[in-house]
Amino acid sequence: MAGDTQWSRPECQVWTGTLLLGTCLLYCARASMPICTVSMSQDFGWNKKEAGIVLSSFFWGYCLTQVVGGHLGDRIGGEKVILLSASAWGSITAVTPLLAHLGSAHLAFMTFSRILMGLLQGVYFPALTSLLSQKVRESERAFTYSTVGAGSQFGTLLTGAVGSLLLEWCGWPSVFYFSGSLTLLWVWYVHRYLLSGKDLVPASGVLAPGLLVTRHSRVPWRRLFRKPAVWAAVFSQLSAACSFFVLLSWLPTFFKETFPDAKGWIFNVVPWLVAIPASVFSGFLSDHLINRGYRAITVRKLMQGMGLGLSSVFALRLGHTSSFCESVVFASASICLQTFNHSGISVNIQDLAPSCAGFLFGVANTAGALAGVVGVCLGGYLIETTGSWTCLFNLVAIISNLGLCTFLVFGQAQRVDLSPTREDL
């Protein structure tokens, strides 16, 4: 089992900054393919359905390692799981252009590389959730998680800004070289200055046997999944993840095709730029309200109302405007508000089961990844079939509001991972 000693304030600050950068690089690698899809489609002759297969194949692998990542994080420490996986996904990202030119089966090789990328990145957020639930004080958890989570927008922003320039100047392979190299540099830094090599040897040795739930780290399956609040958390996380994945995968193509004369760096940068302070603010607001005496579940539901409800309104508006400026504003508002999920459902999972938060988040994110596979593929099919982007944004709104309604009705914040005798104490 990972140690339960909480970080001191200086340690928490160092790790928060390091994990913020790690999350940034995770999304740099993940967003490289969506940024390059249009150029790669032109080079390899992919249509929308084939591009959708490549984009969605990431989630085929992503959904398979969520629970494993959470359990390993609960058992050996999330920081070790994160570092080992980052070294692998950084390497895969850097060699993606080489895989694309191995033979004539470009679609098959790129689909395989994205599945492998999904497998390696799937452990990150469950391991992160496990790490923060064990190391960060409850009163600071929402701010810490939302700050680290802001790396997802910062990474997409970095890839959107630098990637658009690299795409124009050097071609799409340079985008993968850039994000892969930065990830490997981050791995070297963490290994050199924050973790010792001795820590990683036993950690890597436990990866295979860690797939089994041992007696001393058994997860209370029945107790957890008898609670409506757990199912509400899982379904809300599913909705949030699916909506985000659909927008992440298809927004670059939407802007490129709807506004072909627009500068790529604008629509690839602005939505993610405004989302960074929004994510940090949502965590500050959440912790502030709780410290002022508001019930935790009331605050979590408020955050979800913003993250799923209000964000879907702006997503809907994207399908009903022909103005580039309005589209950028609506996309920015939708992505910006989705960051409030970091202070809502993501922290609610830690409220419900801090002793096995990594495992439970893994279950919830597995459901979200599976929905992401269906959502991204279905989005490509709807666009190809109808010739309109409106159906895609309608799909995002429907998914988001189903998750919101479920959480508003059944969501709770009391612990459910304790035995009945301890719950009564």
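Heavy-atom basis, side chains included; hydrogens, waters and symmetry copies ignored. Keep in mind that this is a model prediction, so the values were computed, not measured.
Legend: side chain to side chain donor-acceptor pair (under 3.5 Å) pairs involving residues 394-405, not counting sequence neighbours, sorted by first then second residue: S243-S400, S312-N401. Among residues at least two apart or in separate chains, salt bridge (charged side-chain N to carboxylate O under 4.0 Å, His left out) pairs with a member in residues 349-372 are R300-D351. Evaluation of the salt bridge (charged side-chain N to carboxylate O under 4.0 Å, His left out) test over residues 329-342, restricted to residues two or more places apart or in two chains, returns none. For residues 5-17, the set of pairs meeting the salt bridge (charged side-chain N to carboxylate O under 4.0 Å, His left out) definition, not counting sequence neighbours, comprises R9-E140. Legend: salt bridge (charged side-chain N to carboxylate O under 4.0 Å, His left out) pairs involving residues 269-286, not counting sequence neighbours: none detected.
For R192, there are no salt bridge (Lys or Arg N to Asp or Glu O under 4.0 Å) partners two or more places apart in sequence or in a different chain. In this structure, the ring-ring contact (aromatic ring centres under 6.0 Å, His included) partners of Y62, at least two apart in sequence or on a different chain, are F58, F245. Residues forming a ring-ring contact (aromatic ring centres under 6.0 Å, His included) with Y145 (at least two apart in sequence, or on another chain): none. With sequence neighbours left out, the side chain to side chain contact (heavy atoms under 4.5 Å, CB included) criterion links L107 to W46, E50, V54, T111. Take F410 and apply the ring-ring contact (aromatic ring centres under 6.0 Å, His included) test, not counting sequence neighbours, and it matches no residue. Residues passing the side chain to side chain contact (heavy atoms under 4.5 Å, CB included) test with F109 are L102, A105, sequence neighbours excluded. Residues that satisfy the ring-ring contact (aromatic ring centres under 6.0 Å, His included) test with Y294, not counting sequence neighbours, are absent from this structure.
Judged purely by atom type and a 3.5 angstrom limit, S113 uses its side chain to pair as donor or acceptor with the backbone of M110.
Contact between S249 and V376 at its shortest, heavy atoms only, is OG-CG2, 3.7 Å.
Each of F393, F267, F330, F324 was scored for a ring pair (Phe, Tyr, Trp, His ring centres under 6.0 Å) with F254, with one residue passing: F393.
S32 and S179 share a side-chain donor-acceptor pair at under 3.5 Å. Under the 3.5 Å distance criterion, with hydrogens and angles disregarded, a donor-acceptor pair is assigned to the side chains of R30 and Q121. Side-chain contact check for T321 and E326: at least one donor-acceptor pair (N or O, by modelled atom type) lies under 3.5 Å.
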